[in-house]
Amino acid sequence: MNPMVDLAFLLVTFFMLTTTFKTEEPVTISPPSSQSEIKLPEKNIITITVDKTGRIFFSADGKFDKERIIDLISQRQKWDVDPAQREAFSLLSSFGVPMENIPEFLALTPNKRQHYHQAGIPCDSAKNELSEWIVMARIANPRYRVAIKGDQDTPYRVVKHIVNTLLENNVLRFNMITELEKELGDG
Amino acid sequence: MAEQKRDARERRENIEMDMNPMVDLAFLLLTFFMLTTTFAQPQAMELVMPAKPKANDPVQEQPVKESKALTLVLDTLDKIVWYQGITNAEPQITNYTPNGIRKLVKEKLAEVPGLVILIKPDDDSRYLNLVDILDEMNTVNAPRYTLAELEPADRAILKSMSE
């Protein structure tokens, strides 16, 4: 039995060291597939997720960068963010809550936050909060790059709004997250 | 006394540890990590857009020569309406299969030097369509393509095609 146990522990160690946990997402997205072989960078990524119905979610990686983002945002919005809310934001994965509901959203317990109805971040010409998040994130960490993660069925209209928002903020190079396509053969 | 000592030694030699719980735990952890791990780093497609021209920019956007413009309108029914040139264009329909769009773009690239491909997705077209078409552009190595806004003329064409 010992060789088997050795092997089992070896594998456990391997998986423990290589694993990166799936981040919890408020929506399930099935991204379109492509034959692109570029890998998404692992660090310094802002992900803008759009679901089927066009709701926009924002996420940025890096705990310390997120702390800086919430500091900047709260300064701008003149919020009093307590340390607990700040901590909650820095641990948040992806969120799609309008600006005015952010403090309330952060005050919830993680469990309740899962059931909170997230309306999506407004991104139209009248009220472009996505723009603000992007600007603040880029101030907090200028090395951030932007990736758009859309669902197959997301209407182009929303994608267009996002792309225009990025262009307005001089983000001219961005990634679109896709899944690897199985080669269908050149028919 | 001597007998007791031998007993103790024997007992120590035959010591057997029940490893089953440990093994159970090891496999449990193994299963857990195997299921939660994500190996595949998601793929990404890079898109570089031109900067929006500013009002006081001395360099104006260069208009595309009509004969060199190939317009691909992505419609809402997962089809592509395409036409070459702008005036008196003859719109035709193709699809996203290798025999459709890929063949078309390859032919046009060979036919027209300096071809500029204008991709105009309809507002209600799916994101999948956009990714598909950009993917095709990468596959055929199209040197010049751009995302453009759907114009009223294109809408009229789409409408006439759907009738």
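Naming: A, B, ... by sequence-line order, numbering from 1 per chain. Bear in mind the structure is a predicted one, so any value in this text is a computation, not a measurement.
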Go through the atoms of B:L74 and report whether side chain, backbone, both or neither lie under 4.5 Å from a heavy atom of chain A.
neither
As an exercise: rank B:K103, B:E136, B:E149 by heavy-atom pairs under 4.5 Å with chain A and give me the winner.
B:E149
Under 4.5 Å from any heavy atom of chain B, what part of A:I148 do you find: side chain, backbone, both or neither?
both
With only heavy atoms counted, which part of B:L47 is less than 4.5 Å from chain A, the side chain, the backbone, both or neither?
both
Is chain B contacted by the side chain of A:V50, its backbone, both, or neither, given a heavy-atom distance below 4.5 Å?
neither
Pair A:D153 + B:R126: basic N to acidic O under 4.0 Å
yes
Do B:N95 and B:D78 meet the criterion of a side-chain donor-acceptor pair at a distance under 3.5 Å?
no
Hey, is A:D71 close enough to A:R68 for a salt bridge, meaning N to O under 4.0 Å?
no
Which word best sums up how the rings of A:W133 and A:F95 line up, parallel for under 30°, tilted for 30 to 60°, or perpendicular for over 60°?
perpendicular
When only pairs under 4.5 Å are counted, which of A:I38, A:T154, A:V12 shares the most heavy-atom pairs with chain B?
A:I38
Is B:D122 salt-bridged to B:R155, cutoff N-O under 4.0 Å?
no
